[in-house]
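Sequential numbering from 1 along the given sequence is applied to the chain's residues.
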Amino acid sequence: MTPPNPLLDFSDLPHFQAIEARHVEPAVDTLLAAARATIERAAADTAAPTWRTLVEPIADVLDPLDRAWAVVGHLHAVTDTPELRAAYRASQPKVVAFHAELAQDPRLFARYRALRDGPAYPMLDAAQRKLVDNELRDFRLGGAELGADEQARFKAVQEELAALATRFQENLLDATNAWAYRVTDANELAGIPTDIVAAAREAAQRDGDDGWKLTLHMPCYRPVMQYADNRALRRRLHEAYATRASDLGAKPEWDNTALIRRILALRHEAALLLGYANYAEVSLVPKMANDPAEVEAFLRDLARRAQPFARRDFAELTTFAHDRLGLSVLEPWDVAYAAEKLKLDRYAYSEQEVRQYFPEERVLAGLFAVVETIYGLAIAESKAETWHPTVRVFTIRDRSGARVGEFYLDLYARPGKRGGAWMHDAITRRRSDRGLQDPVAYLVCNLSAPVGDKPATFTHDEITTIFHEFGHGLHHLLTRVDVAGVSGIRGVEWDAVELPSQFMENFCWEWSVVESMSRHVGTGALLPRALFDRMLAAKNYHSGLATVRQLEMALFDMLLHAQAAPPDTPQWRSPQTILAAVRSEVAVVPFAAYDRLAQSFAHVFAGGYAAGYYSYKWAEVLAADAFSLFEEEGLVSPTIGARFLDELLSRGGSRPALESFVAFRGRPPQLDALLRHNGMVTPA
């Protein structure tokens, strides 16, 4: 007897150990057929639409499809294999086509409008009304108001864009995984921390080689750039990293240049079909910002404030590199190295020294303690199937012991796993006739794994990344909204979705929290207060440079997508042309001629941040201002925590983000806290 398809079992958490690539297409086909049948019945209904006759049946049939496809997409990101990649590519066009058809169905559009204008609408609660409003907006953005020929073209554009985004990410992953530099002379590794050298030795041994294997994965690449005394080695890795998936990369078939041009052309065409002047206008419809001009003004205003600090930072770094390191010209591959040396000279500590105080278990215990105290929760490890032996699963419960949700934690970098850090929703909270469905999240990082019998230890920057992603997870898991489309992170304006994550980062700079997370991996000693004070003094070290770097990427993204001219016209400005102009306007640090930022800018070309990368800085204003209330009223105050939970985290997308912020803070957001947190305040 043929065993059941594990992707079609929704009785509990996903059966990761049973899922194989061969299960993907049959499961997707089955779920799509069921969804189409239900939607056909809802669309053909001639009775006056109500929540129970229109919205609930569609939600009931879309939920299993979303859950199954979330599993497939997640596995594609964290355990990429040729078989899974092929299965994903085979099913993705079907899923995209289905959603495009759904968004364009004139019968459904008419029924949602009838619900919005009918007597049942005022009887709905706030979350239900918000969902209906969002659906009508998304019908318009999906092309529901277009003619038949335009709808067909719009659907084809969406399908091709989805395939191109997948190809972009796969090219970047393949280019990153394929590059390696094998070192045979230990002297070439001078200055690199022993932990990193040991990991490089293990990597070479896994390949059956002697010596050391250096890669472009962040746990290796970053410390090499920071600590390697060998300037030629730094340049070798820098050039390889900066040219990944580009015309200067290893293989032409991994070059994302043509993909970018095609993606931009299709996005522009989609915008014109919908009646907008450019893709940036389309992107901003469901966001807090009103138009591209407002975003550009915001970014340029912040750049004007940050540039004096960035210029000061770089001038100091250049002088130090010349006088102390003998570098007459500070090249791009020298910047991280010189910055680390200057920080050590000025503050008498290094990230590698600090990381010895932060083994994984202590960091997680400290993080959980903060969350448990503020929100009245309990977090405990639980048992469930996972996609890799190092992945862990945790359950969150409230004060009464009731389960709130669960999350998977996948911390370490490894081959076949996409770079970066992210949170994805696995299961969304919703209430149906079957009861309440608890939310589940995937929390993914790419940090240094344990080496030998030594536990994983994290730099302070890596700890900040964990806190950041956990903030996203809390936003998804602590929702109290029972309507799936506006529950958790769903329905939240994209330029506000980073608020909870960036808010959590602030706790990484509070002594009580940092001390609780520390325990020296060798001696068991707590982090000395004197060392923390030096860390705190260095908190805003080069914050000006970091800020303008973010603004450079955000302004590049917005200007690229706000062009009125499409590609293949004389007026169109290529990504490299716009990037050069933005760097001339905003950047302070020089860039190598071979630098190809766009070709690896997955956030924008494959990750949902197109004309939205500004969201990080936009939301950082909200996050800093929100945290300032904790600073005023009590760092781990359960009272303020309950207010933050009630007015922000639990609301999901059930009301506008600005309303939620004002309800929590008591006033509109202000820029002052962000500038203060970044040390960009000129003394009076």
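The aromatic rings of Phe664 and Phe644 sit perpendicular, their planes meeting at an angle over 60°, well past the 30° parallel limit. In this structure, Phe605 and His561 have tilted ring planes: the angle between them lies in the 30° to 60° band.
Under the 3.5 Å distance criterion, with hydrogens and angles disregarded, no donor-acceptor pair is assigned to the side chains of Arg651 and Ser654. Counting only N and O atoms by type, the side chains of Arg85 and His76 include no donor and acceptor under 3.5 Å apart. At a cut-off of 3.5 Å, with distance as the only test, no side-chain donor of Gln158 or Arg153 sits close to an acceptor on the other residue. Donor-acceptor pairing under 3.5 Å is lacking for the side chains of Gln437 and Asp482. For the residue pair Tyr614 and Asp495, a side-chain donor N or O sits within less than 3.5 Å of a side-chain acceptor on the partner. A donor and an acceptor atom, one from each side chain of Tyr121 and Asp133, are located under 3.5 Å apart. The closest side-chain donor-acceptor pair between Thr395 and Glu406 falls under 3.5 angstrom. Between the side chains of Thr428 and Arg490, at least one donor N or O lies within less than 3.5 Å of an accepting N or O.
Taking CD1 from Ile19 and CG from Asp9, the interatomic distance works out to 9.5 Å, rounded to the nearest 0.5 Å. One distance of note links CD of Glu56 with OG1 of Thr38; it measures 13.0 Å at 0.5 Å rounding. If you take CZ on Arg665 and OG on Ser628, they are separated by 3.5 Å, rounding to the nearest 0.5 Å. Taken to the nearest 0.5 Å, the CG atom of Leu172 stands 13.0 Å off from the CZ atom of Arg167. Ile489 CD1 to His476 NE2: the interatomic distance, rounded to the nearest 0.5 Å, is 6.5 Å. Here CG of Leu84 is found 11.0 Å from CD of Glu20. Values are rounded to the nearest 0.5 Å.
No donor-acceptor pair closer than 3.5 Å links the side chain of His475 to the backbone N or O of Glu498. With Arg429 contributing its side chain and Ser487 its backbone, the two residues share no donor-acceptor pair below 3.5 Å. Proximity of a side-chain donor or acceptor of Gln128 to a complementary backbone N or O of Leu124 within less than 3.5 Å is not detected.
Closest approach of Ala496 and Ala657 over heavy atoms only: CB-CB, 3.5 Å. The two residues Leu649 and Pro500 make their nearest non-hydrogen contact at CD2-CB, 3.7 Å. Nearest heavy atom pair, residue Ala35 against residue Phe98, reads CB-CZ, 3.7 Å. In plain terms, the two heavy atoms of Gly142 and Gln104 that are nearest each other are O-CG, 3.0 Å. Nearest heavy atoms, Asp625 versus Pro669: OD2-CA, 3.3 Å. Between Ala280 and Pro292, the closest heavy-atom pair is CB-CG, 3.8 Å.
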**Message:** Before you tell me yes or no, could you show the steps for Ile260 and Phe168 under side-chain contact (heavy atoms from CB on, under 4.5 Å), namely the whole-Å CA-CA distance, both residues' side-chain angles and the distance that decides it to 0.1 Å?
**Reply:** CA-CA 8 Å; Ile260 290 173; Phe168 184 102; 3.8 Å; yes
**Working for side-chain contact (heavy atoms from CB on, under 4.5 Å), residues Asp291 and Glu294** = CA-CA 6 Å; Asp291 53 50; Glu294 182 183 6; 3.5 Å; yes
**Request:** Run the numbers on Glu296 and Arg300 for salt bridge (charged side-chain N to carboxylate O under 4.0 Å, His left out), then give the verdict.
**Result:** CA-CA 6 Å; Glu296 291 170 27; Arg300 287 187 162 115; 3.6 Å; yes
**Asked** Stepwise, does the side chain to side chain donor-acceptor pair (under 3.5 Å) test hold for Arg655 with Ser660?
**Response** CA-CA 7 Å; Arg655 69 181 180 190; Ser660 293; 2.8 Å; yes
**Request:** Evaluate the side-chain contact (heavy atoms from CB on, under 4.5 Å) criterion for residues Tyr375 and Asp398: first the C-alpha distance (whole Å), next the side-chain angles of each, then the deciding distance (0.1 Å), finally the verdict.
**Result:** CA-CA 8 Å; Tyr375 303 123; Asp398 63 18; over 6 Å; no
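Taking the charged nitrogens against the carboxylate oxygens, Lys287 and Glu493 have no contact shorter than 4.0 Å, which rules out a salt bridge. A salt bridge between Asp433 and Arg52 is present, with a side-chain N of the basic residue lying under 4.0 Å from a carboxylate O of the acidic one. Salt bridge annotation for Glu135-Arg111: absent, with no cationic side-chain nitrogen under 4.0 angstrom from a carboxylate oxygen. Taking the charged nitrogens against the carboxylate oxygens, Lys155 and Glu159 do have a contact shorter than 4.0 Å, which makes a salt bridge. Salt bridge present: Glu101 and Arg36 bring a charged side-chain N and a carboxylate O closer than 4.0 Å.
Residues Leu141 and Tyr276 are in side-chain contact: their nearest non-hydrogen atoms beyond the backbone lie under 4.5 Å apart. Between Leu8 and His23, the closest side-chain pair of non-hydrogen atoms is not below 4.5 Å. Two residues are said to be in side-chain contact when any heavy atoms from C-beta on lie closer than 4.5 Å; Met553 and Asp557 fail this criterion. Counting only heavy atoms from C-beta outward, the side chains of Leu284 and Val295 approach each other to under 4.5 Å. Residues Phe10 and Asp63 have side chains not in contact (no heavy-atom distance under 4.5 Å, counting atoms from C-beta outward). Using a 4.5 Å cut-off on side-chain heavy atoms (C-beta onward), Phe661 and Leu499 make contact. Side chains of Lys130 and Pro656 form a contact here, defined as non-hydrogen atoms less than 4.5 Å apart. Leu161 has its side chain out of reach of Val96: every pair of non-hydrogen atoms, C-beta onward, lies at least 4.5 Å apart.
Close placement of the Tyr88 and Trp69 rings is indicated, their centers lying within 6.0 Å of each other. Aromatic ring centroids of Phe601 and Tyr609 lie 6.0 Å or more apart. Note: Trp422 and Tyr442 fail the aromatic proximity criterion, with ring centroids not under 6.0 Å apart. A distance below 6.0 Å separates the ring centres of Tyr613 and Tyr616.
The neighbour count for Arg667 CZ, taken as heavy atoms of other residues, nucleotides or ligands under 6.0 Å away, is above 12. Around CG of Asp117, the count of heavy atoms belonging to other residues, nucleotides or ligands within 6.0 Å exceeds 12.
In this structure, the ring-ring contact (aromatic ring centres under 6.0 Å, His included) partners of His468, at least two apart in sequence or on a different chain, are His472. For Glu659, the salt bridge (charged side-chain N to carboxylate O under 4.0 Å, His left out) criterion is met by no residue, not counting sequence neighbours. For Leu671, the side chain to side chain contact (heavy atoms under 4.5 Å, CB included) criterion is met by Asp301, Leu302, Arg305, Val621, Leu674, Leu675, not counting sequence neighbours. Thr386 is linked by a side chain to side chain contact (heavy atoms under 4.5 Å, CB included) to Val391, Val393, Tyr408, counting only residues two or more places apart in sequence or in another chain. Take Arg480 and apply the side chain to side chain contact (heavy atoms under 4.5 Å, CB included) test, not counting sequence neighbours, and it matches Leu645, Asp646, Ser650. Applying the side chain to side chain contact (heavy atoms under 4.5 Å, CB included) test to Ser432 and every residue at least two apart in sequence or in another chain returns Asp60, Arg430, Arg434.
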